[in-house]
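Have a look at the structure below, then the notes.
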Protein chains: 4
Amino acid sequence: MAKKTSKTARKNKIIETALKIFAEKGFADATISEISKAAGVSDATVYEYFKTKEDLLFTIPEEITEEPAKDMEKILPFLRGAECKLRAIVQGYMTLYEMNPNYTALVMLQLKTNRNFLKTKSYEKVRSIAQMLLRCIQEGIDNGTFHKDIDPYLVRSMILGTIEHLCIRRHLLGAPTNLVEHVDPLVDMILGGIRVQAQPKSISVHLHIADDGQTKVEPGNTAEDT
Amino acid sequence: MAKKTSKTARKNKIIETALKIFAEKGFADATISEISKAAGVSDATVYEYFKTKEDLLFTIPEEITEEPAKDMEKILPFLRGAECKLRAIVQGYMTLYEMNPNYTALVMLQLKTNRNFLKTKSYEKVRSIAQMLLRCIQEGIDNGTFHKDIDPYLVRSMILGTIEHLCIRRHLLGAPTNLVEHVDPLVDMILGGIRVQAQPKSISVHLHIADDGQTKVEPGNTAEDT
Amino acid sequence: MAKKTSKTARKNKIIETALKIFAEKGFADATISEISKAAGVSDATVYEYFKTKEDLLFTIPEEITEEPAKDMEKILPFLRGAECKLRAIVQGYMTLYEMNPNYTALVMLQLKTNRNFLKTKSYEKVRSIAQMLLRCIQEGIDNGTFHKDIDPYLVRSMILGTIEHLCIRRHLLGAPTNLVEHVDPLVDMILGGIRVQAQPKSISVHLHIADDGQTKVEPGNTAEDT
Amino acid sequence: MAKKTSKTARKNKIIETALKIFAEKGFADATISEISKAAGVSDATVYEYFKTKEDLLFTIPEEITEEPAKDMEKILPFLRGAECKLRAIVQGYMTLYEMNPNYTALVMLQLKTNRNFLKTKSYEKVRSIAQMLLRCIQEGIDNGTFHKDIDPYLVRSMILGTIEHLCIRRHLLGAPTNLVEHVDPLVDMILGGIRVQAQPKSISVHLHIADDGQTKVEPGNTAEDT
DNA sequence: AATGAATGAGGGTTCATTCAT
DNA sequence: TATGAATGAACCCTCATTCAT
């Protein structure tokens, strides 16, 4: 009846509500009428903003992914070295997923499943982050940080696959409560698997030559800290 | 009409057909009537064998997973060392998924999504293989092959996540045609990341400067093998 | 629930009911649920027998037209002369429409309007009667009963148009209660307009009274020329 | 926004657009929003001018019929004889319908179908022309031009029914491209069927009994004059 | 006067599931 | 045991219409 809220506010309210309900019950089992009721609008109003139920589904990630993707693009240029960047991207993913459990469930269980999603503008945005990851791996290979003969696509699949697996476990089993704390262990393992000899590490030797003529050699700090 | 086929044969026919159709159209978009028609039975007959549509879905992996799981259990005892076993399990997964695209699509897109599946006998079988993987990682940790401080669950998530990511890519994008050829690159990278020797990659050099003025250099253990 | 009636009986019941309701409220304003309720079946049952609401509509005339069309085909060969046949066909139409007011309303108000109906098997049957009429007019022209230069299509349009106009008036205004009584007036007027000579009616007699007292009678040529 | 057009211009624009769309898609399948968009106004504006969708439909013929009806009323007094007038009216109809295909489709398929239309002011106008036709037939009967025993309503139904049949055929089948060329054939046939001279043909025998004792018989004048 | 925005009301259609035969 | 036949229960979506601005 009354126009209490701005148009975009209404639309966002619908999107938020849909996100919540789609995440909880799954796309197929959620109904528009349930969403509209929860959003405080009528069924018809939902269709004012979204062409179909699926359109509503596909619109959700568009806005959520927008900001993180842009942020990551701003951050990366400030980081030196493929390893740093890679770690940053992984952290970005983990943070995003940890802070948006509903969105995570939606992506993992409803969107990745959906063939039509691949044709979507939303998917383009999602993909853009995945492409940063790929470029970063490629960069590491090109500048000799990573092994020449690794398959960057495989590495990316390892990273994304792991993240997704953790997210799904978390959603369905409640398993790893905390996602971000897996960033370093994960990245370290990945790096351990693709890094060309922990090069610099091997060089750091600390020589302590004592007055007494004794020379004491201590191992360089090569330990990774997790 | 006439009983041309044995009861189990009928049931299997239904399961096979359901697998195909569920994989192609998704659980929600497939209809019982479509499946029954394709299986050459009536709708009602499907309900003779399966309590509900979901029951039919959940029954599918039970039989398919049965044999591979048993095979793996037989094979593992013959293999020495966590690395070997781990490689074998990965190969088992990849082979299973590569040879059964429909089953793979079903697992990746329909079953992993479904909360109810977790309560299923089928899921138990699927889990049993995942548990072998976990035990094998744990074994590596225990006997010093793998780093003490790695999280075996995370490692398993890496392995399974990567496999699943490859499978989904293959299904939706047609991307990696061949799955099995990724076994060694994947396992090697994983091992590179968790193997104990990997740590000391760093070329630790021990300098013993003796009183006698002699300096003795000993090579550290740096062996990496990719 | 219980199968009280045979399958065809059910289908016919639905058709009858639909005929009644479509005729009363119009296709657009009638609802399936209304029809199914009146027919004593469920909505879903209607869709067991008919693919869509429009399919149900189009199926109706098929059966109703079937018999009259066949009857007319049997009758015509027994009639001699285009005029007789034409009169018979008109009587057939009028009788059919007079005895089936609902069907008439359906045809006049719902079907004639509908473009899709033209692609229908039902329409073929309806057309077949109209074609008999056309052939009959053509026959009259060919054998000299009717004027050579009349347009048989126009004549048919006159006949059918008049019939339909009467039917619609009757349905909407209640005007001519009786349709069949218009058969002869209508046909006579039509014949009056197209007959080569107002043949039988005109009693043209030529009297030649000869000198010899003989009176010779010759039939006169009364040909009309338009 | 800006008031670019006068109020009546707006209204007319809506009416014209509605005519077009109703004619093309049918009343039921056309939507207000479609019409308003095509007319360059908002949905709500349509409702400023017309109370309901049906009201809009019913308003359409009012203006279109107005002029032709008045014209015909002016013309008729200049014509002598029922036949002339009848022919003029038929020509009026045919011309109107030939020149306004959308209007014709609307009348034939949407308005004649609609019970509510009968209660409309628009219908009154439409009827007024039909009444002229009736009066003209009656006049012919009264002054002996037409048979005493013909039913003027039936004759009118013949005329209007034929016209309408031709119009519908034209609209749905594209059949007679040209309507006006059917005026004379139609009217001639009608006149042939109802004109008084047709009857006496049969009776008129001219006997010339000559002085010379010869009796000469001449055929009566049965020729129709067109 | 004009409209953007919202919605009530409803309708066609689908399908998993049941049950008498 | 197998199934033809029936349906209850929903759901997505549309649109004429309203009203505050």
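Quick caveat, the model's predicted, so the values are computed rather than measured. Residue numbers begin at 1 in each chain, while the letters A, B, ... track the order of the sequences.
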Measure NZ/K7(C) against P/dA5(F) and give the value in whole Å, please.
4 Å

One thing to verify: whether K25(A) and E34(A) come together as a salt bridge, which I'm taking to mean a side-chain N less than 4.0 angstrom from a carboxylate O.
yes

Closest approach to the side chain of Y47(B), judged atom by atom: which nucleotide of dT7(E), dT7(F), dT17(E) is it?
dT17(E)

Specify the separation, in whole Å, of atom CD1 of I21(D) and atom P of dA16(F).
11 Å

Tell me which nucleotide, if any, is Watson-Crick or G-U wobble paired with dC19(F) when both distances must be under 3.5 Å.
dG4(E)

Considering every strand and a 4.0 Å limit on heavy-atom distances, what is the contact class for A30(C): base, sugar-phosphate, or nothing?
sugar-phosphate

Between K51(D) and E54(A), the residue closer to the 5' end of DNA chain F by nearest nucleotide is E54(A)

Does R10(C) put a side-chain nitrogen or oxygen below 4.0 Å from OP1 or OP2 of dA5(F)?
no

Protein-nucleotide distance (Y49(C), atom OH; dA6(F), atom C1'), rounded to Å
8 Å

Looking at T45(D), I'd like to know whether one of its side-chain N or O atoms comes within less than 4.0 Å of OP1 or OP2 on dT3(E).
yes

Comparing F27(C) with A44(C), nearest DNA chain E nucleotide closer to 5' gives the residue F27(C)

Rounded to whole angstroms, how far apart are NZ on K53(A) and P on dT14(F)?
14 Å

Determine, for R10(A) against E48(A), whether the closest basic-nitrogen to carboxylate-oxygen distance falls under 4.0 angstrom.
no

Return the value, rounded to whole Å, for the distance between atom CD of E48(C) and atom P of dG8(F).
13 Å

Whole angstrom is fine here: how far is it from NZ in K37(B) over to P in dA16(E)?
12 Å

Measure the distance from CZ on F50(D) to C1' on dA1(E) and round it to the nearest whole Å.
15 Å

Between A28(A) and T31(D), which residue's closest nucleotide on DNA chain F lies nearer the 5′ terminus?
A28(A)

What is the distance from CG of D43(C) to P of dC11(F), rounded to the nearest Å?
16 Å

Taking any strand in view, what nucleotide pairs with dT14(F) in a Watson-Crick or G-U wobble way, both distances under 3.5 Å?
dA9(E)

Please tell me if the side chains of R115(C) and H171(D) come closer than 4.5 Å, counting only heavy atoms from C-beta onward.
yes

Any side-chain heavy-atom pair of Y49(D) and T59(D) under 4.5 Å
no

More than 12 non-hydrogen atoms from neighbouring residues, nucleotides or ligands closer than 6.0 Å to NZ on K20(C), yes or no?
no

